[in-house]
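Written below as structure tokens is the structure these notes are about.
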Number of protein chains: 2
Amino acid sequence: MSPRHTDTRQRALDVALELFTEQGYEKTSLREIADRLGIKKASLYYHFPSKEALLAGIMDNLLAPVDELVAWSQTQPRTAETRQEVVRRIAAAVRGPWSRWFQFAQANEPTLRDHQKEGEQMRGRLLGLFTAVVDPDAEPRQQVRSLLALVAVHLGTLAPVTGVLPTFGITAPSEEFRAAAMDVAQELVKDG
Amino acid sequence: MSPRHTDTRQRALDVALELFTEQGYEKTSLREIADRLGIKKASLYYHFPSKEALLAGIMDNLLAPVDELVAWSQTQPRTAETRQEVVRRIAAAVRGPWSRWFQFAQANEPTLRDHQKEGEQMRGRLLGLFTAVVDPDAEPRQQVRSLLALVAVHLGTLAPVTGVLPTFGITAPSEEFRAAAMDVAQELVKDG
DNA sequence: GTCTATAAGTAGATAGAC
DNA sequence: GTCTATCTACTTATAGAC
């Protein structure tokens, strides 16, 4: 066997992730993906048996790093300090390796509701993140606050990137907004 | 002319709203809508010139009540008290007349990004709500807090309805959770 | 107002040559 | 691994009878 096989498979995953995120899974045709790769649509079927297999491949790549953080959090005690550290790590990850995950999930919410397997994978990891931060025995008040802390992180990191800040009527510089969001998140995750 | 024309048009709007919300705009075919109405697909074209016209009709019905609240808020001073009252009114409206709006918008995020006109309508009303609560001259910290207040309302009213609370690892009774969310929202919207 | 029939196009998927 | 060619099953949309 050659030192490595062709990279068409990986390139297909990259292109598909990009298009699924931009346009959604349903609206992206295999022809479109093949065109970008410079191959014919039928040739895609050599690498993936179906469109759904392409989706599954993307998910595997996307969700692996999430599992690491959740696993780590489960070794920690359920304290405000742990929640703060988890929020810090999520905030860091979201700026880097996970950034595409949220965008992809958001753009394909209806699709993931239908494709049972993939939808449950997605929800499973989200649940993992939530339970890493939400104490099931805490007061509802604190549970709401913890959930909102994750939303604040989401807001702080994604909103500047997608350029929707003006849509919210906000004019602050991105970096300042992001810092403020992190600040509020840390506060929310404390007991109160 | 008869005292009123047939109600097929309005029934079509109702059915379409329901299906678009459940399955998304793209995945709902005109045949499906027609089937539920007990007519043939082609007959739908008598009432609406295109699928997109159906979407537009739904939007008009959905967005009218939002405008009222935004208009009212613009007559008020930009104080923490006003923000609290706006949040109260949004919370009340979301439980009733607007409940379908959020579900519809969330289920059709990708679609609304493509259909320029409808997407901008939707974003316009959202911006209206945001600016009713976010003071453009406030600190980024307070802006984040105000945004999260709206999210808290969203969480408190929608989450119990859709039954996703367990997905968040939360076991509290719906009503208790909703009350806690409103509580946190009111707190976030204060100066701090 | 509703029907049948059908146009015109695109989707995902398969067979088999090279 | 990639190609050409083709299939079936849709989709939105139109024309014209009743």
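Convention: sequence-line order gives letters A, B, ...; per-chain numbering from 1. When reading the values below, keep in mind they use all heavy atoms of this one structure, side chains included, and skip hydrogens, waters and symmetry mates.
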Rounded distance (Å) that lies between atom C1' of C/dG1 and atom CG of B/Leu37: 13 Å
Phosphate OP1/OP2 of D/dG1: any A/Thr8 side-chain N/O under 4.0 Å: no
Side-chain donor/acceptor pairs under 3.5 Å, residues 57-69 of chain A, sequence neighbours excluded:
residue: A/Asp67; atom: OD1; partner: A/Arg125; partner atom: NH1; Å: 2.8
residue: A/Asp67; atom: OD2; partner: A/Arg125; partner atom: NH1; Å: 2.5

How many Å lie between CG on B/Leu44 and C1' on C/dC3, as a whole number? 13 Å
Return the set of residues passing ring-ring contact (aromatic ring centres under 6.0 Å, His included) with B/Phe20 (not counting sequence neighbours), or none when no residue passes. B/Tyr25
Which residues in residues 19-29 of chain A have at least one heavy atom lying under 4.0 Å from any atom of DNA chain C? A/Thr28, A/Ser29
Sub-3.5 Å donor-acceptor pair from the side chain of B/Thr157 to the main-chain atoms of B/Val153, do we have one? yes
Show me, pair by pair, the donor-acceptor contacts under 3.5 angstrom made by side chains of residues 185-192 of chain A, not counting sequence neighbours?
residue: A/Gln186; atom: OE1; partner: A/Gln84; partner atom: NE2; Å: 3.3
residue: A/Gln186; atom: NE2; partner: A/Gln84; partner atom: O; Å: 3.3
residue: A/Glu187; atom: OE1; partner: B/Arg141; partner atom: NH1; Å: 3.4
residue: A/Glu187; atom: OE1; partner: B/Arg141; partner atom: NH2; Å: 3.1
residue: A/Glu187; atom: OE2; partner: B/Arg145; partner atom: NH1; Å: 3.4
residue: A/Asp191; atom: OD1; partner: A/Arg83; partner atom: NH2; Å: 3.0

May I have the distance from B/Lys40 (atom NZ) to C/dT6 (atom C1'), rounded to whole angstrom? 15 Å
Between C/dA11 atom P and A/Ile33 atom CD1, what is the distance in whole Å? 11 Å
Which residues pass the salt bridge (charged side-chain N to carboxylate O under 4.0 Å, His left out) test with B/Arg123, not counting sequence neighbours? none
note: A/Gln10, atom CD; D/dG1, atom P; distance rounded to Å ~ 14 Å
ring-ring contact (aromatic ring centres under 6.0 Å, His included) with A/Phe48: which residues, sequence neighbours excluded? none
ring-ring contact (aromatic ring centres under 6.0 Å, His included) with A/Tyr45: which residues, sequence neighbours excluded? none
Quick one, give me the B/S/- string for nucleotides 13-18 of chain D, reading 5' to 3', where B means a protein heavy atom under 4.0 Å from the base and S means that only happens at the primed atoms, P, OP1 or OP2. BB----
Atom-pair distance (CZ on B/Arg31; C1' on C/dT4), nearest Å: 15 Å
Please determine if a side-chain N or O atom of A/Ser43 lies less than 4.0 Å away from the OP1 or OP2 oxygen of D/dC3. yes
Between CZ of A/Phe48 and C1' of D/dT2 the distance, given in whole Å, is 15 Å
Residues two or more places apart in sequence or in another chain: which of them pass salt bridge (charged side-chain N to carboxylate O under 4.0 Å, His left out) with B/Arg89? B/Glu85
Closest non-hydrogen contact found for B/Arg11 with B/Leu37 is NH2-O, 3.3 Å
Check the distance between D/dT2's P and A/Arg11's CZ and give it to me in whole angstrom. 8 Å
